[in-house]
**Q** 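One structure coming up, written as structure tokens, with questions to follow.
Along the sequence shown, the residues carry numbers beginning at 1.
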Amino acid sequence: MTGQVFDNFIGGRRVPAVDGRTLGVVDPATGEVYAAQALSGESDVDNATAAAATAFRDWRRTTPAQRQATLLRIADAIEAHATEVVRVECENTGKPVALTHAEEMTMVLDHLRFFAGAARVLEGRAAAEYMAGHTSIIRREPLGVCAQVTPWNYPLLMAIWKIAPALAAGNTVVLKPSETTPASTLLLAEIAAEHLPAGVFNVITGNRDTGRSLVEHPVPQMASITGSVRAGVEVAGSAAQDLKRVHLELGGKAPAVVFADADVEAAAEGIAAAGFFNAGQDCTAATRVLVQEGLHDEFVAALTEQARNTRTGPPSDTDAAYGPLNSAAQLEKVAGFIDRLPAHATVHCGGSRVGERGYFYAPTVVSGLRQDDEIVQDEVFGPVITVQSFTDERDAYAKANGVRYGLASSVWTADHVRAMGASTELDFGTVWINTHIPLVAEMPHGGFKHSGYGKDLSMYGLEDYTRIKHVMSSLG
């Protein structure tokens, strides 16, 4: 360990855990502990929520124009510190530096600036008379203190997805990052503090117990989490005890439905890119391919070739398409899916760890699978793409929808009518046509079924952080 310590950020300043406890932080590219973080307990949660509640009294009264200006200044400050922010993110996650700067930093800035602008157009319906002698007005108000929990796959980007709409709507925040990736979120808080009143944005670090304490605390009026189905169920149950608003973006098992008329090379290239990006640690990753029977063997060969040409490596590797898995536990989980494959499955490439240092896993393609196989039904969250065959549209949609998740999907075909029909039949919050994984700030991101509820991004995401009040005035 280098001696570096990531303290909490409460009320505009860095503070250690009240009881002094810490947790180690591991660099997944090496498997070695390189820092420590505060292990926050109930007293730390009390302090953070109290700071947020105090700050809310004034922050809620700021105008949309003031909030927009503040968020734009934060975006400019992040951009000015982009090299340092990316370095910290990649040191903590093992992501390739060049790719993170080009792909994720671009989205961080764009999404933050989108919500800055969105703050200016959030409104209720116009005033009108629905009862003689009375005028009704709709007020759209902030909720109050928001408890937010972010995952480890995109620590910085997911923090932006949480805080940007919350702050734009006039709320204050206490955010807990994943215990494996606290670094960039704390740096974000320090940068933002130069432009925000103290207590508007607070970060506490720790383990699951810390997150549970935050969600169960009586002060926050909303609990928002991006994470696993298990975590989402626990948060929803805890929040229900005092009827908190809940926003859940959970797991995914995205199908990519490839029809016989699809461009094989384009589909294989697009699906490989969307399946292996970020080591497959993405809830929208194209992890589950369904190919029409006549095209199956040709497509598997093309996808396997794409996988063999995909490289994993450490942050400094400029040719790497993705970095390591998040942790030793995640490496064990991914390897376990491959180790438990049924006899009828075929591994065409990959299926093994890469190197002895760090948590790298080879790009993997598996075919010959059946709908009820574990690896088809459960989220692997690693660089593993499965391939099944289907006969016709009815069979394709039955298999695509035949999982508990409903976050994202794609259809690959040259037939526009078929593509439009697929967009109706696929039971997922996003349906891409002849592409997979692009996101834009203006469009909502969120799923159905066990993938949760509520939307990130877009005006829908901003509205999730508001409440509606009816005001009626007598004209008599």
Side-chain angles (χ1 to χ4, degrees), residues 5-10 15-26 28 33 35-49 52 92-93 145-156 158-159 161-163 173-186 189 202-220 222-242 244-252 281 283 325-334 336 359 378-379 381 450-452 454:
V5 178
F6 299 125
D7 287 326
N8 292 326
F9 197 86
I10 299 174
V15 292
V18 170
D19 61 10
R21 294 185 300 163
T22 61
L23 282 173
V25 182
V26 175
V33 174
Q37 63 183 306
L39 175 51
S40 302
E42 292 185 2
S43 295
D44 302 290
V45 174
D46 287 340
N47 293 340
T49 54
N92 199 179
T93 63
V145 177
C146 296
Q148 301 181 326
V149 180
T150 51
W152 43 256
N153 55 339
Y154 297 104
L156 179 63
M158 293 299 99
W161 281 21
K162 295 297 184 195
I163 71 166
V173 168
V174 179
L175 186 150
K176 181 206 166 292
S178 167
E179 64 189 80
T180 62
T181 54
S184 60
T185 307
L186 287 163
N202 309 275
V203 178
I204 57 171
T205 61
N207 55 19
R208 289 181 182 175
D209 290 337
T210 307
R212 186 177 298 110
S213 180
L214 174 60
V215 169
E216 293 177 352
H217 198 278
V219 168
M222 180 182 191
S224 175
I225 177 175
T226 298
S228 67
V229 173
R230 174 200 56 76
V233 170
E234 289 184 4
V235 167
S238 297
Q241 300 305 308
D242 59 356
K244 280 185 176 66
R245 183 85 66 89
V246 178
H247 182 284
L248 303 174
E249 198 273 88
L250 308 178
Q281 298 172 131
C283 296
L325 295 171
N326 170 256
S327 63
Q330 189 62 21
L331 175 63
E332 182 180 2
K333 177 187 174 184
V334 173
Y359 309 128
D378 295 338
E379 188 174 36
F381 224 56
H450 280 210
S451 290

**Q** For F381, give me all partners under ring pair (Phe, Tyr, Trp, His ring centres under 6.0 Å), at least two apart in sequence or on another chain.
**A** W152

**Q** For Q148, which residues count as a side-chain contact (heavy atoms from CB on, under 4.5 Å) partner, sequence neighbours excluded?
**A** C146, K162, I163, A166, V173, L175, S224, Y465

**Q** Please examine the side chains of P151 and T226, heavy atoms only from C-beta on, and report whether any two atoms are closer than 4.5 Å.
**A** yes

**Q** Applying side-chain contact (heavy atoms from CB on, under 4.5 Å), name anything that partners P16, two or more places apart in sequence or on another chain.
**A** D7

**Q** Is there a side-chain contact between I10 and V174 in this structure, where contact means two heavy atoms from C-beta onward sitting under 4.5 Å apart?
**A** no

**Q** Return yes if some donor-acceptor pair links the side-chain N/O of S40 with the main-chain N/O of T205 below 3.5 Å, else return no.
**A** yes

**Q** With a 4.5 Å cut-off on side-chain heavy atoms, are P155 and S184 touching?
**A** yes

**Q** Check the surroundings of atom CD in E234: do more than 12 heavy atoms from other residues, nucleotides or ligands lie under 6.0 Å from it?
**A** yes

**Q** Does H217 reach the side chain of D46, with side-chain heavy atoms less than 4.5 Å apart?
**A** yes

**Q** So do the side chains of V149 and V235 get within less than 4.5 Å of each other, counting heavy atoms only?
**A** no

**Q** Measuring only between side-chain heavy atoms, which start at C-beta, is E179 closer than 4.5 Å to Q37?
**A** yes

**Q** Partners of A183 by side-chain contact (heavy atoms from CB on, under 4.5 Å), sequence neighbours excluded?
**A** F6, Y34, V88, N92

**Q** Are any non-hydrogen side-chain atoms of V25 and P182 less than 4.5 angstrom apart?
**A** yes

**Q** Checking E216 against Q241 for the side chain to side chain contact (heavy atoms under 4.5 Å, CB included) test, could you report, in this order, the C-alpha distance in whole Å, the side-chain angles of both residues, the deciding distance, and whether it holds?
**A** CA-CA 8 Å; E216 293 177 352; Q241 300 305 308; over 6 Å; no

**Q** Answer yes or no: is there a side-chain heavy-atom contact under 4.5 Å between N326 and T93?
**A** no

**Q** Would you please name every residue forming a side-chain contact (heavy atoms from CB on, under 4.5 Å) with T22, sequence neighbours left out?
**A** A36

**Q** To the nearest 0.5 Å, what is the distance between OG (S213) and CD1 (I204)?
**A** 7.0 Å

**Q** Can you list the steps and then say if E379 with C283 is a side chain to side chain contact (heavy atoms under 4.5 Å, CB included)?
**A** CA-CA 8 Å; E379 188 174 36; C283 296; 4.0 Å; yes

**Q** Using only atom types and a distance under 3.5 Å, with no angle test, would you say the side chain of T210 pairs donor to acceptor with the backbone of N207?
**A** yes

**Q** What's the spacing between K176 NZ and D44 CG if we round to 0.5 Å?
**A** 12.5 Å

**Q** Just to verify, what does D19 make a salt bridge (charged side-chain N to carboxylate O under 4.0 Å, His left out) with, not counting sequence neighbours?
**A** R21

